[in-house]
Every structure is written in C-alpha cells, then in structure tokens.
Amino acid sequence: MSPLKSIYLLADSQLLFWRDNGQLLLERVVSARTRDRIKAAYVGASNGDNPEFYSIFVAAMEGVDVSDCRMIRSTLSEADLAFLERADVILLAGGDVELGWRTFLSNGLNKHIVWRYLEGATLIGISAGAVQLGLCGLAADGSLIETFGLAPFIIGAHEESDNWKTTTDLLRLSATGRRAIGLPAGGGAIYHEDQTVEPLRHAVVELSLSGDEVRQTFLKAQVRVT
C-alpha cells in the first residue's frame, strides 16, 4: 500500500477554518492519525517567517486538537530539521513564490519536504505554497521556475479578478500539453493519490492551451487530472 497522502491546495487560509457539513476540512487531514502524537510543521519561507501567519496555523491546528506545532525557519536549525523529519503535517505558507522556492534550494528543504511526502506526510500549500507544490511558478523577471511538481499541473491562486493572467503566462512558457488549475479566493482543491482533483468550497478552473487560445473549464466535482 502506498504511503502517499492527498495534497491540499488552498488559495488562502480561509479553508483552514472551513466546515463542510459541520466538519472542519482539517479533520480530513488528521483523521487517520493519533491526535496527541501528530507533529505539524509550518514552513514560512515564502513570507519571510512572519510570526503572525504562523499564529493562524497554530490556531487552525488547535481546532482539531493538534498542539505540537513548530515554525520551520528559513535559517534551518538542527532542531527544525529534526522536527520536520518527524512531521505528519507540513504546511507551505503563502507569500512570494520565488522567494520561498529560492530559500528551499538554499537550505535544502526542496529535498527534505519531498522525502517526508514520500514517507507519508500530508502536505498543505496555501497560495504561493500551493503554487510551489505544482509544476512551476513565475519569477520576477518573467521566467519560469520549476518547483516541486508533486501535483502534476500548474497551480494558480486567487487570480480570478485578473482572468488568471500569471497562470496563463506559465502555460505559455511551459512544455506543450501541460494544464493548470486555478484556485479562486476562499477555495481550493485536494489532489488525491488516485490522480483525481476534488474542488473545495468553490468550483476550480482548469486552463489549457489550444494553439494560442486559452480554454477555461469549471470543475465542480472530483475529476481525474493527469
């Protein structure tokens, strides 16, 4: 049996506190684990390790009775790494995609996070963190940054008011045949082990290129996206 867990891709932090039919979304994250043994790591590189955003994470985890939390700082210490290597839940924070990714390359978290995922940790990405869990992000100079690729598509977050411009730019820069998923504000998606995508709260947008034309399809129910 594969140890891989579903990957949670959130446009923003709203879904950390969202209830679906009375159940917190995070209940699904921790349901198969022993609550008092869960270790939850927050990786804040994309927002410069802002403690205010970490406090939101702590409050969300307290809502599902998880108290053993730690911020994994950009200047990675031995204690941080030791905690991360035992973490059951790892959240990648929002902020600046390029800043976070270059930090991961510098401190080695680009490898450690993948190792933990392959060993069975559940990954949650918020905004920039969600983008990083996908195939690529956009650098400040307009170039493409290859990222984790654990979710096998390009991910855009809360860009609906701009008609998914950055996500579309990434599609045009990327290899032929790639697709993208746009997460609207307040929404998100789960990428499951069986390669299906489950929209959360709101429909997500699937974007693809047909020649120079960008096609958009709204996904309201779980579908296979490979």
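These values consider heavy atoms only, across backbone and side chains, with no hydrogens, waters or symmetry-generated copies.
Between the side chain of Asp65 and the backbone N or O of Asp36, no donor-acceptor pair lies under 3.5 Å. Using modelled atom types, no side-chain atom of Ser46 and backbone atom of Gly95 make a donor-acceptor pair closer than 3.5 Å. Trp101 places a side-chain N or O within 3.5 Å of a backbone atom of Glu146 that can act as its donor or acceptor partner. In this structure, Lys220 contributes its side chain and Phe218 its backbone to no donor-acceptor pair below 3.5 Å. The backbone N or O of Ser210 lies less than 3.5 Å from no partner atom in the side chain of Arg215, so there is not a single donor-acceptor pair. Thr147 places a side-chain N or O within 3.5 Å of a backbone atom of Gly134 that can act as its donor or acceptor partner. Side-chain N or O atoms of Gln132 include one that pairs as donor or acceptor with a backbone N or O of Val97 at under 3.5 Å. Side chain of Thr34 to backbone of Arg37: no donor-acceptor contact under 3.5 angstrom is found. Between the Ser174 side chain and the Leu170 main chain, a donor and an acceptor come within less than 3.5 Å of each other. In this structure, Ser127 contributes its side chain and Gly94 its backbone to no donor-acceptor pair below 3.5 Å.
The structure places CG of Leu10 at 10.0 Å from CG of Leu133, a figure rounded to the nearest 0.5 Å. If you take CD1 on Ile145 and CG on Leu173, they are separated by 11.0 Å, rounding to the nearest 0.5 Å. With values rounded to the nearest 0.5 angstrom, Leu135 atom CG is found 7.5 Å from Ile155 atom CD1.
Counted by atom type alone, Gln14 and Arg201 present one or more donor-acceptor pairs between their side chains at under 3.5 Å. In summary, the side chains of Thr217 and Glu206 do not present any donor paired with an acceptor at a separation below 3.5 Å, with no hydrogens or angles considered. Between the side chains of Thr166 and Glu159, at least one donor N or O lies within less than 3.5 Å of an accepting N or O. For Ser67 and Glu62, the side-chain atoms include no donor-acceptor pair closer than 3.5 Å.
Linking Ile, Leu, Val, Met, Phe, Trp and Tyr residues whenever their side-chain heavy atoms come within less than 4.5 Å places Trp18 and Leu91 in a single cluster.
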If you apply the rule side-chain contact (heavy atoms from CB on, under 4.5 Å), what do you find for Asp20 with Leu25, and how did you get there? CA-CA 7 Å; Asp20 185 20; Leu25 174 64; over 6 Å; no
Checking side-chain contact (heavy atoms from CB on, under 4.5 Å) for the pair Val66/Val89: CA distance, chi angles, key distance, verdict? CA-CA 10 Å; Val66 174; Val89 178; over 6 Å; no
ring-ring contact (aromatic ring centres under 6.0 Å, His included) between Tyr191 and Phe153: does it pass, once the steps are laid out? CA-CA 10 Å; Tyr191 178 65; Phe153 38 82; 5.6 Å; yes
Please determine whether salt bridge (Lys or Arg N to Asp or Glu O under 4.0 Å) holds for the pair Arg70 and Glu85, giving the CA-CA distance in whole Å, both sets of side-chain angles, and the decisive distance to 0.1 Å. CA-CA 12 Å; Arg70 185 183 182 94; Glu85 289 178 344; over 6 Å; no
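With a 6.0 Å radius and a threshold of 12 heavy atoms from other residues, nucleotides or ligands, Asp212 has its CG atom at or below the threshold. A 6.0 Å sphere centred on CZ of Arg172 holds more than 12 heavy atoms belonging to other residues, nucleotides or ligands. Taking a 6.0 Å sphere around CZ of Phe17, one finds it holds more than 12 heavy atoms contributed by other residues, nucleotides or ligands.
With Thr168 as reference, Val214 is the one residue of Asn163, Ile154, Asp162, Val214 to meet the side chain to side chain contact (heavy atoms under 4.5 Å, CB included) rule.
Not a single salt bridge (Lys or Arg N to Asp or Glu O under 4.0 Å) links Glu160 to another residue, sequence neighbours left out. The salt bridge (Lys or Arg N to Asp or Glu O under 4.0 Å) check on Arg73 picks up nothing, with sequence neighbours excluded.
Salt bridge status for Arg33 with Asp88: present, with a side-chain N to carboxylate O gap under 4.0 Å.
The shortest distance between side-chain heavy atoms of Leu16 and Ile126 falls below 4.5 Å.
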